[in-house]
Amino acid sequence: MRAAVRTKRPRRPPPAATAQLASSSRPKLEKAQVPLTLPLKSFKFRLANGPPLAPTPKAFKSYAETCATLLRLCRAAATATSHAAPASSSPSSDRLPLALSLHAHAVRSGVAADRSVASHLLTTYAAFARAAERDRAFGDCVAADAASPFAYDFMVSEHVKAGDIASARRLFDGMPDRTVVSYTTMVDALMKRGRVAEAVELYEQCPSGSVAFFTATISGFVRNELHHNALGVFRKMLSCRVRPNGITIVCMIKACVGAGEFGLALSIVGLAIKSNFFESSIEVQNSLITLYLRMGDAAAARKVFDEMDVKDVVSWTALLDVYSESGDLDGARRVLDAMPERNEVSWGTLIARHEQRGNAAEAVKLYSQMLADGCRPNISCFSSVLSACASLEDLRGGARIHARSLKMGSSTNVFVSCSLIDMYCKCNKCGDAQTIFDTLPQKNIVCWNSLVSGYSYNGKMVEAMYLFKKMPARNLASWNTIISGYAQNRQFVDALKSFNAMLASGQVPGEITFSSVLLACANLCSLVTGKMAHAKTIKLGIEESIFIGTALSDMYAKSGDLQSSKRMFYQMPERNDVTWTAMIQGLAENGFAEESILLFEDMMATGMTPNEHTFLALLFACSHGGLVEQAIHYFDKMQALGISPKEKHYTCMVDVLARAGRLAEAEALLMKTPSKSEANSWAALLSACNTYRNEEIAERAAKRLHELAKDNTAGYVLLSNMYASCGRWKDAARIRVLMKGTTLKKDGGCSWVQVRGQYHAFFSWEAKHPLSMEIDEILDLLMWESSL
DNA sequence: CTAGGGTTAG
């Protein structure tokens, strides 16, 4: 019975079985298992019948071929095992001892040095992940002069796969004749590790070129964001008459997108269609979706997706990004839910987009949903969600993610580490950030910049500068970090000093640099320095930039040169809400309240939407111009536009009302303030009470101020002055005593002069200037002379 | 023994 069934099956398999075989996702496994039994049986038979000697050349050849075939079958079994499900792994795993005994017999029979057998031994051991035996087999190969170029190629690639570039390189350098395959392997490995210079050297050394060789170089340049070099390699490839294939097209589309060469990209797409790569390759179609998306043609991207016969996760993820890029994050979420399968990249895309658009809370929420969906976060996910935690200042959440990244071994990745450093610093945990930094096995320049920026964020400019000086290398971002750090911490003199150091170091400043430098100039009212900075922006050809233009206009206004400020403003090719706000504020601060209000009306007329800062500038104008009615009008208008007033808006309103003597209204508004902690408003009211001699409200204001202004020196000073001006000397003295008791000190005055590009600052509370002794002496001399 | 290069996110 059994025999009958067996003999029938190979002749005419049942239709169901054929269908199953055809649809199997692992045809290799089937192929390897089916023919293995017969040759093995005959081999065992030979072993059992005496030592297999090879007396005639014909017999030798036949025996070597048998060995090679058997080893190939062993290797195929090993590869099939590593890809197959665990259940089916047991029948193939016993092939390793077989391979070992084959090896022994091959040695004894003298066929081990046969090129084919030697190569098979090498690949078999590699397939069974036996590195030691593999290396010995290769060593034997070389010793017996049986090492084919293939054996060398294979070993180079094995070292690269193990991450041992040094060994790969050593082997490559010692190769008798280097093949284009090993050149390809080396160039690719070096490019993937960012060692572009070495890769380029090999690229130029390689005497010939294949599609894979050129494509690997193109891909390497793209990976290292050297898109124009990639385009150059493509031109070289064409001039060498090497025809691109689908993989080349994919890499070139990426290169063109990176270089912004959309015209070239489209002609390459034309080439792909002509060569029929487009129809046959899902990857080419996927990269086309992204190409159209980056060109800003979402409809075309959508069309490519819709017309695809077969779509995979990548296609769906690309579509998801088509939605998120156009700002439709809800649509992107719908795509995510509709996808037949999702992976961590799909989730990561959505998380990153939410994080970029400032919706950090949603990013964190999506992250937990991703985990619930069973996706393991990768480097990018960690990086995005940690940035989200940083902006939420969510230390607990951030630390939890830190723990997971530790468990997954991703925490030492530079991207994740930088995000971690940033997150801990934003949560005011500089110590933890420093620990992460110190324990990093390899740091890049971004890690240094992150920590410098973190210290600046926490106002620790001494630490920031210490670190900045210790940096092994500095780039534009490093200089921007330290300069903006000083500017944000209002150490404007230091900001300008660093700017000068930057210029001296030969680093060319960028837009961000100038926005900090101009901010410093504006705050120091240093028109000369500001003008020099302006000249530099013209020289660099960036004065037309919206950021630079705004900063310049602001700098001129703050320095009192309204003429230049206005000229900058009106010359700008385009203006945004920040630009308008800066000009409105500039006019207000220089006392042109009416003009400021008129400019605001112009802004509204152009259809620009004002923000809370715009209204603050406007209310400031009203307050300084004493325009009470307008202030009330704009205060209402602001709320009508859906902008809720913040403390500073209330302060302005209280100020304008109080200055006009409408003290009761001011007090009433202040009582309505959602945040009761604004001491400055009470101080403004108190100050006005002083002017209008309203002791009744003054008492209440003083009481509130006293409660709130535990650390507000201005409040104490005002209160004390108020009592003094009313003749209530005892109260005034009491406040002064109170100030001393709470270790509060009135902020000292500070002034500075610029002499030959150097800033010299003078402080009222201590003699900090190194030459203060000499300066004082000369001052005494001058005073004595003038008194004569 | 026929290798070596690839698609989405950051």
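Letters go in sequence order (proteins before strands), and every chain restarts at 1.
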*Report yes if at least one side-chain N or O of Arg223(A) is closer than 4.0 Å to OP1 or OP2 of dG5(B); otherwise report no.*
no
*Side-chain-base donor-acceptor pair under 3.5 Å for Asn378(A) and dG10(B)*: no
*Output yes when Arg134(A) and Glu158(A) qualify as a salt bridge under the 4.0 Å nitrogen-oxygen rule, no when they do not.*
yes
*Figure out the CE/P separation between Met339(A) and dA9(B), and round it to whole Å.*
12 Å
*Between Tyr125(A) and Phe138(A), does a ring pair (Phe, Tyr, Trp, His ring centres under 6.0 Å) hold up when you go through it step by step?*
CA-CA 10 Å; Tyr125(A) 284 131; Phe138(A) 179 67; over 10 Å; no
_Separation of dG6(B) P from Met191(A) CE (nearest whole Å)_ = 12 Å
*asked:* Could you report the tightest heavy-atom contact between Ala168(A) and Val156(A), atom names first, then the distance?
replied: CB-O, 3.9 Å
*Closest contact, heavy atoms only, Ser417(A) versus Ser411(A)*: OG-O, 3.0 Å
*With a 3.5 Å cut-off and just heavy-atom distances, do the side chain of Thr215(A) and the base of dG6(B) make a donor-acceptor pair?*
no
*With a 4.0 Å cut-off, would you call Asp164(A) and Arg169(A) a salt bridge?*
no
*Glu325(A) with Arg294(A): basic N within carboxylate O range, under 4.0 Å*: yes
*Do any of residues 314-331 of chain A sit with a heavy atom less than 4.0 Å from DNA chain B, and if so which?*
Val314(A), Thr317(A), Asp321(A)
*Do the side-chain N or O atoms of Arg342(A) get closer than 4.0 angstrom to the phosphate oxygens (OP1, OP2) of dT8(B)?*
no
_Separation of Ser346(A) OG from Leu320(A) CG (nearest 0.5 Å)_ = 7.0 Å
_Centroid separation under 6.0 Å, is that true for the rings of Phe221(A) and His228(A)?_
no
*Would you state whether a donor and an acceptor, one from the side chain of Thr349(A) and one from the base of dA9(B), lie under 3.5 Å apart?*
no
So which protein N/O to nucleotides 2-4 of chain B N/O distances come out below 3.5 Å?
residue : atom : partner   : partner atom : Å
dG4(B)  : N2   : Ser210(A) : OG           : 3.1

*To the nearest Å, how far apart are Lys254(A) NZ and dG5(B) C1'?*
13 Å
